[in-house]
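Below is one structure; the comments refer to it alone.
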Amino acid sequence: MPELAERLAAVRAEIADAARAASRDPDELTTIVVTKFHPAELVRELHALGVRDVGENRHQEALAKASALADLDGLTWHFIGQLQSNKARQVRRYSHIVHSVDRPALVDALARRDGDPLDETTEIFLQLNLTDDVGRGGVTPDALEPLAERALAAPGLRVRGVMAVAPLGEEPRAAFARVRAASDRLRLLAPDARAISAGMSGDFRAAILEGATHLRIGTAITGSRPTAR
Ligand SMILES: *Cc1c(COP(=O)(O)O)cnc(C)c1O
């Protein structure tokens, strides 16, 4: 516990420092603590330390944790992993925000259907694939606009912005500059979709310099992950 608190404080301080170096207000950054593979108990400890945004990448695991922790106030679950369309409605029930929307079929699966509560909105990020590997999650940057148009027209979805993971073997700042350029293009279609979900334990500083608003940070805060359970 003390180690967790220390790591969290150290990362928060680094984020504030990087924000100031980029002439940005640290308060405009949301830090999502990625808790994948860790037990629900770790999320409870993080909540006690003031964390309110947590990220998970696998549906079964996320559902189990969200159910076990339903008593915690004010927790927002961010779904950040590749998502099968046939799991989308289930994920929407406990995740407030889905960061990994990368194809029309997933937009359609997340959209509100007849019979759903009318006031239910799911916030989404459109995930970009910055690699040449089509097996990686994300839409190729040149297919961003059609995907955005579909998402903007879908009932019950609110497009917050773009999301990306920096590829291995490229300087992260250069990769995040490409994300910023894609964000600028998205804003021509959707002026409110200003958010940028980018930056992990090893590269959040570069992401902040390129305009990231939502950082997804795991190991720098949680320590190394247990192997998959
Ligand atoms: C696991 C994961 C992270 C966090 O990675 P760390 O290197 O542990 O900070 C961020 N984003 C996505 C999409 C992830 O799957």
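None of the values given here were measured: they were computed from a predicted structure. When reading the values below, keep in mind they use all heavy atoms of this one structure, side chains included, and skip hydrogens, waters and symmetry mates. Indexing begins at 1, ligand by ligand and atom by atom, following the structure's order.
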message: Counting C-beta onward and ignoring hydrogens, is there a side-chain heavy-atom pair between Glu210 and Ile196 closer than 4.5 Å?
response: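 A side-chain contact is absent here, since even the closest heavy-atom pair is not under 4.5 Å.
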task: Under 4.0 Å from a heavy atom of Thr219: give me the atoms of ligand 1 that qualify, with their elements.
output: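 Those atoms are 6 (P), 7 (O), 8 (O), 9 (O).
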query: Short list, please: which atoms of ligand 1 are under 4.0 Å from a heavy atom of Ile217?
result: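 The atoms of ligand 1 under 4.0 Å from a heavy atom of Ile217 are 9 (O).
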message: Looking at Arg24 and Ile208, would you say the former's side chain and the latter's main chain have a donor-acceptor pair under 3.5 Å?
response: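 Judged by distance alone, yes, a pair lies under 3.5 Å.
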message: Tell me whether ligand 1 is touched by His99 - counting only heavy atoms on the residue side and a distance under 4.0 Å.
response: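 No.
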Which residue and non-hydrogen atom of the protein lie closest to [atom], and at what distance in Å?
atom                    : result
atom 9 (O) of ligand 1  : Ser201 OG, 2.5 Å
atom 5 (O) of ligand 1  : Met200 CE, 3.6 Å
atom 14 (C) of ligand 1 : Lys36 NZ, 3.1 Å
atom 11 (N) of ligand 1 : Arg216 NE, 2.9 Å
atom 12 (C) of ligand 1 : Ile80 CD1, 3.5 Å

message: So if I apply the side-chain hydrogen bond (donor to acceptor under 3.5 Å, both in side chains) rule between His59 and each of Lys87, Gln84, Gln90, which one comes out positive?
response: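 Looking at Lys87, Gln84, Gln90, the match for His59 under the side-chain hydrogen bond (donor to acceptor under 3.5 Å, both in side chains) is Gln90.
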- prompt: According to a 4.5 Å side-chain heavy-atom criterion applied to Ile, Leu, Val, Met, Phe, Trp and Tyr, with indirect links allowed, do Val51 and Ile221 form part of one hydrophobic cluster?
  reply: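 Per the 4.5 Å side-chain linkage, Val51 and Ile221 are co-clustered.
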message: Is a donor from one side chain sitting under 3.5 angstrom from an acceptor on the other, for Arg103 and Ser85?
response: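 Note: Arg103 and Ser85 side chains meet the donor-acceptor criterion.
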task: Consider only side-chain N and O atoms of Arg12 and Thr31, and report whether a donor and an acceptor are under 3.5 Å apart.
output: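 Absent: no donor and acceptor within the cut-off.
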